[in-house]
S.K.: 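My questions all concern the structure below.
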Amino acid sequence: MFDKCIGNAEALDALDRKKQNVNGYILKLLKSGWTSAADAFRELGTMKLPTRVSDFRKQGIQIEQRTVKTVNRFGKTIYHNEYRIKEENA
């Protein structure tokens, strides 16, 4: 039973390390310019950009947000958010 606890702790540590690595890549992407959730998925495979942005803001990192109007492949006007690190933080 104790071995299972150790295994679970190791698995949780591995997940924490993976999340830290993804967070680092997301920060690099946000520093490079305006980034959408689609960009983050395409570049990093993560679908949680807004969640990560919220986490970064809670840590005190200042992130700008803008809403962009585009036309989708069906010709319908849609809106989505893009994010970037504020210039004074970069």
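Just so we're clear, the structure is a prediction, and the values are computed from it rather than from any experiment.
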S.K.: Ala40 and Thr35: which non-hydrogen atoms are nearest, and at how many Å?
M.R.: N-CG2, 4.3 Å
S.K.: Might you point out which heavy atoms bring Gly33 and Arg84 nearest each other, and give the distance in Å?
M.R.: O-CB, 3.6 Å
S.K.: List the residues meeting side chain to side chain contact (heavy atoms under 4.5 Å, CB included) with Lys69, not counting sequence neighbours, and say none if there are none.
M.R.: Thr77, Tyr79
S.K.: What distance separates Lys31 NZ from Lys86 NZ, expressed to the nearest 0.5 Å?
M.R.: 16.0 Å
S.K.: Considering the options Ile26, Asp39, Val22, which one meets the side-chain contact (heavy atoms from CB on, under 4.5 Å) requirement together with Leu44?
M.R.: Ile26
S.K.: Answer yes or no: is there a donor N or O on one side and an acceptor on the other, between the side chain of Asp55 and the main chain of Arg52, under 3.5 Å?
M.R.: no
S.K.: Got a sec, which hydrophobics cluster with Met47, joining ILVMFWY side chains under 4.5 Å apart, including via others?
M.R.: Phe41
S.K.: If the condition is side chain to side chain contact (heavy atoms under 4.5 Å, CB included), which residues does Arg73 pass it with, not counting sequence neighbours?
M.R.: none
S.K.: Suppose we screen for side-chain hydrogen bond (donor to acceptor under 3.5 Å, both in side chains). Which residues come up paired with Thr67, at least two apart in sequence or across chains?
M.R.: Asn81
S.K.: Restricting to salt bridge (charged side-chain N to carboxylate O under 4.0 Å, His left out), what partner residues turn up for Glu43, sequence neighbours left out?
M.R.: none
S.K.: Return the CD to OG1 distance between Glu82 and Thr70, rounded to the nearest 0.5 Å.
M.R.: 9.0 Å
S.K.: Could you give the distance from CG (Leu49) to OG (Ser54), rounded to the nearest 0.5 Å?
M.R.: 11.0 Å
S.K.: Dump the intermediate steps for side-chain contact (heavy atoms from CB on, under 4.5 Å) on Ile61 and Ile85, then the final yes or no.
M.R.: CA-CA 8 Å; Ile61 299 171; Ile85 301 277; 3.7 Å; yes
S.K.: Hydrophobic clustering (ILVMFWY, side-chain heavy atoms < 4.5 Å, transitive) - are Trp34 and Leu29 grouped together?
M.R.: no
S.K.: Mind checking what makes side chain to side chain contact (heavy atoms under 4.5 Å, CB included) contact with Lys48, not counting sequence neighbours?
M.R.: Thr46, Thr51
